[in-house]
Amino acid sequence: MSKTIIIIGAGLAGLSAALQAAENGCNVKLVSSLPSERAQSVMAEGGINAALNTKDENDSPEEHFTDTIKAACGLADPNAVWGMTQAAPELVHWLLKLGVKFNMSGYNDVDLRNFGGQKKKRTAFAQSDTGKQIMTAMIDAVRRKEASGMVERFSHHSFLTLRLCGNICCGCVIRDEYSQETVELPGDAVIVATGGMHGLFGNTTGSLSNTGEVTAELFRLGVPLSNGEMIQYHPTTVKCGGKRMLISEAARGEGGRLFAMKDGKQWYFMEEKYPELGNLMPRDITAREIWKVSHESEVFLDMTEISEEIISNKLSGLADDCMTYLHKDIRKEPVSVLPGIHYFMGGILVDEQHKTPIQNLCAAGECCAQYHGANRLGGNSLLGALYGGRVAAKSACEQADVVDLSCATQIDFPPASQISEIKQLNKVMQETMGVVRNENTLLNGIQTVQALTGNLPLLGMAVLKSALARKESRGAHWREDYPKSNDDDYLKTTVARFDGKQVQISFVPVPERR
């Protein structure tokens, strides 16, 4: 009898997990509140990392591994990162076979570009619409599994809670958003792939549908949160329509330059301070430098020196977006930029195989803490979602145990947070969890969030307490009252747990490389 794997979320990680589970002979139930075409993965612009070495720079998966661990400031599981970087070249070639229209160099080589934190050209791309291209191919591949009966879609359905038999997951409860009918969905394992916790902040570059509510419900049920304080601010974003519009790192990879005015002249501060990588320093460093400089002068990204050929062949989507939404022609004028919340390195605690502490429950993609540690390399998010989805599916199919479904306990749903409280939560999180943090603002934030009700404020409390407990600066977490790294005490993973009454914080060692 085939096992049934339930996947919550139909973005890149969810689709990758669905394909792998179906290929493993499992029946898949794919649950999502929105169509895959509207997943945040579609918005990814810059590219996907893989040491293909088509530029004859002697690149290798080993160097990709080294750059990833260095950017992560030591907090990423080296065994998981090693698996991902070793698998990356094969995954990109697999995507080519699926029909992804990567930019090519020469007759049959995938073109590669520079990306932040990496000295070698390692990022494969499809103009500036890489996520859209990959998702289109993945959606088609999953539809073929749907046609064969291996995958069943539950579109316009939202996750409510898990079905649990003690510490064993045996399915979930979902709601049809059209009829408002509640459906109990039994399954042998559940994979959560619901994206980052953007709903905690509201004003991010991410999809507004990635509310973080699923992660919050799992946290309420006792699933730990890992490295919740590690929130990546993308260096170059612009306010647009109540959220932040991303100006892709691809622009700097192709020659875009950051500057501010100083003494009446253009000051290329990143090139002056970091001559080796300049505008392509890791995102945490670049975001902090822009944040500092912006207190004295407006910061601009100048793309006017990029050739028309490169813009047309590699940045056309970005150029069109800037013209449509900002009324800016990047060929003729610079764009004013500031850091904006972009990616959550922290999330659901998983092991190397993407298993959570609850049996038969796995997580993949941005909703879980894997591969990125304290800071993510640009180009590793699509890779992490694609690879992580595969790993989670293999684990779910192997781990899934058929259990007596009659033992599933009915869990009362917590009261939903009021819109006014969510807005208050967003304001507090934005004010306290900025590019630079300190104890006073964090304590004030905790005091305010304690008075709010519902799951999201509980998740916000876990993030705030994680940031308060890490009394050092590392990667995306920068404490102005503790400006130095402290490896003796904090070269460890932050773990937040909810015991039913309060949030507890602990630190556990990062696994050693085998």
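Hydrogens, waters and symmetry mates play no part in the numbers below; they use all other heavy atoms, side chains included.
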Enquirer: Would you mind checking if Glu254 and Arg113 are paired as a salt bridge, meaning a charged N to carboxylate O distance below 4.0 Å?
Expert: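 The answer is yes: the pair qualifies as a salt bridge.
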
Enquirer: Taking atom CG of Leu491 and atom SG of Cys73, what is their separation to the nearest 0.5 Å?
Expert: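 Reported value, rounded in 0.5 Å steps: 9.5 Å.
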
Enquirer: Is it the case that atom CD in Gln447 sees more than 12 heavy atoms from other parts of the structure closer than 6.0 Å?
Expert: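 12 or below, so no.
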
Enquirer: How close do Pro61 and Ala51 get, counting heavy atoms only, and between which atoms?
Expert: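 Closest heavy-atom pair between Pro61 and Ala51: N-CB, 3.5 Å.
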
Enquirer: Distance from Leu459 atom CG to Phe498 atom CZ, nearest 0.5 Å?
Expert: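 Separation between the atoms: 11.5 Å.
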
Enquirer: Short question: side chain of Thr204, backbone of His342 - any donor-acceptor pair under 3.5 Å?
Expert: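 Absent.
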
Enquirer: Please walk me through it: do Glu271 and Arg257 pass salt bridge (Lys or Arg N to Asp or Glu O under 4.0 Å)?
Expert: CA-CA 8 Å; Glu271 297 168 32; Arg257 305 173 70 191; 2.8 Å; yes

Enquirer: Answer yes or no: is there a donor N or O on one side and an acceptor on the other, between the side chain of Asn279 and the main chain of Leu258, under 3.5 Å?
Expert: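 Present.
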
Enquirer: If I take atom NZ from residue Lys70 and atom CG from residue Asp67, how far apart are they, to the nearest 0.5 angstrom?
Expert: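 The NZ atom of Lys70 sits 7.5 Å away from the CG atom of Asp67.
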
Enquirer: Do Lys120 and Glu63 sit within salt-bridge range, that is, some charged N less than 4.0 Å from a carboxylate O?
Expert: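 Looking at Lys120 and Glu63, the cut-off is met.
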
Enquirer: Closer than 3.5 angstrom, by distance alone: can the side chain of Thr324 be matched with the main-chain N or O of Asp320 as a donor-acceptor pair?
Expert: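 Confirmed, Thr324 side chain pairs with Asp320 backbone.
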
Enquirer: Does atom NZ of Lys132 have more than 12 heavy-atom neighbours, drawn from other residues, nucleotides or ligands, at distances under 6.0 Å?
Expert: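 Atom NZ in Lys132 is not crowded, with 12 or fewer foreign heavy atoms closer than 6.0 Å.
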
Enquirer: Between Lys243 and Thr205 (side chain of the first, backbone of the second, donor and acceptor by atom type, cut-off under 3.5 Å), is there such a pair?
Expert: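 Indeed, once roles are kept as given, a pair shorter than 3.5 Å links the two residues.
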
Enquirer: May I ask you to check whether over 12 heavy atoms, not counting those of Lys423, lie within 6.0 Å of atom NZ?
Expert: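 At most 12 heavy atoms, drawn from other residues, nucleotides or ligands, come within 6.0 Å of this atom.
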
Enquirer: Check Ile8 against Thr194 and note the closest heavy-atom contact, atom names and distance.
Expert: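 Shortest heavy-atom contact: O-CG2, 3.4 Å.
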
Enquirer: Take the angle between the ring planes of His372 and Tyr343 and call it parallel below 30°, perpendicular above 60°, tilted in between.
Expert: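 Perpendicular.
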
Enquirer: Counting only heavy atoms from other residues, nucleotides and ligands, does the tally under 6.0 Å from CZ of Arg38 exceed 12?
Expert: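 Atom CZ in Arg38 is not packed in, count stays at 12 or less.
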
Enquirer: What do you reckon, is CD of Gln418 surrounded by more than 12 foreign heavy atoms closer than 6.0 Å?
Expert: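 Open.
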
Enquirer: Could you walk me through whether Tyr274 and Ile285 satisfy the side-chain contact (heavy atoms from CB on, under 4.5 Å) test, starting with their C-alpha distance in whole Å, then the side-chain angles of each, then the deciding distance to 0.1 Å, before giving a yes or no?
Expert: CA-CA 10 Å; Tyr274 306 96; Ile285 296 172; 3.5 Å; yes

Enquirer: Hey, what do you get for OG1 (Thr432) to CG (Leu442), rounding to the nearest 0.5 Å?
Expert: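 That separation rounds to 6.0 Å.
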
Enquirer: Could you give me the CA-CA distance, side-chain angles and deciding distance for Arg474 and Asp487, then say whether salt bridge (Lys or Arg N to Asp or Glu O under 4.0 Å) is met?
Expert: CA-CA 9 Å; Arg474 183 180 300 271; Asp487 285 355; 2.6 Å; yes

Enquirer: Can you tell me which residue among Lys121, Lys55, Arg122 is in a salt bridge (Lys or Arg N to Asp or Glu O under 4.0 Å) with Asp111?
Expert: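 Testing each of Lys121, Lys55, Arg122 against Asp111, the sole residue satisfying salt bridge (Lys or Arg N to Asp or Glu O under 4.0 Å) is Lys55.
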
Enquirer: Looking at every heavy atom in both Ser466 and Ala496, which two are closest together, and how far apart are they?
Expert: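 That closest heavy-atom pairing would be OG-CB, 3.9 Å.
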
Enquirer: Mark yes when over 12 heavy atoms from residues, nucleotides or ligands other than Lys292 sit less than 6.0 Å from its NZ; otherwise mark no.
Expert: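 It does: Lys292 NZ has more than 12 such atoms within range.
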
Enquirer: Step through the shown structure and confirm whether more than 12 heavy atoms of other residues, nucleotides or ligands are within 6.0 Å of NZ on Lys273.
Expert: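 Enclosed: over 12 neighbouring heavy atoms sit under 6.0 Å from NZ of Lys273.
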
Enquirer: side-chain hydrogen bond (donor to acceptor under 3.5 Å, both in side chains) with Glu229: which of His477, Arg470, Arg479?
Expert: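 The passing option is Arg470.
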
Enquirer: Are Arg288 and Trp478 in a cation-pi setup, meaning NZ or CZ lies under 6.0 angstrom from the ring centre and within 45 degrees of the ring axis?
Expert: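 The answer is yes; both the distance and angle limits are met.
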
Enquirer: Testing the basics here: between Ser473 and Ser485, what is the closest heavy-atom pair and its distance to 0.1 Å?
Expert: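 Minimum heavy-atom separation between Ser473 and Ser485: O-OG, 2.6 Å.
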
Enquirer: Yes or no on salt bridge (Lys or Arg N to Asp or Glu O under 4.0 Å) for Glu276 and Lys119, after CA distance, side-chain angles and deciding distance?
Expert: CA-CA 9 Å; Glu276 185 175 20; Lys119 296 178 182 178; 2.9 Å; yes

Enquirer: Without swapping roles, check the side chain of His354 against the backbone of Val350 for a donor-acceptor pair under 3.5 Å.
Expert: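 No, the answer is negative, given that no donor and acceptor are paired below the 3.5 Å cut-off.
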
Enquirer: Of Thr236, Ile290, Thr237, Thr286, which is the lone residue that meets side chain to side chain contact (heavy atoms under 4.5 Å, CB included) with Pro339?
Expert: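 For Pro339, the side chain to side chain contact (heavy atoms under 4.5 Å, CB included) test succeeds with only one of Thr236, Ile290, Thr237, Thr286, which is Ile290.
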
Enquirer: With sequence neighbours left out, write down each residue that passes ring-ring contact (aromatic ring centres under 6.0 Å, His included) with Trp82, or none if nothing qualifies.
Expert: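 Result, ring-ring contact (aromatic ring centres under 6.0 Å, His included) vs Trp82: Phe65.
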
Enquirer: Using the six-membered ring of Trp94, assess whether NZ or CZ of Arg390 lies under 6.0 Å from its centre and within 45 degrees of the ring axis.
Expert: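 The answer is yes, since Arg390 meets both limits relative to Trp94.
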
Enquirer: For Glu249, is there an ion pair with Arg283 - N to carboxylate O distance below 4.0 angstrom?
Expert: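 Looking at Arg283 and Glu249, the cut-off is met.
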
Enquirer: Quick check: does any side chain N or O of Thr66 sit under 3.5 Å from a backbone N or O of Glu62, one acting as donor and the other as acceptor?
Expert: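 Answer holds: yes.
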
Enquirer: Determine, using ring centers only, whether Phe269 and Phe259 are less than 6.0 Å apart.
Expert: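 That pair fails the under 6.0 Å test.
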
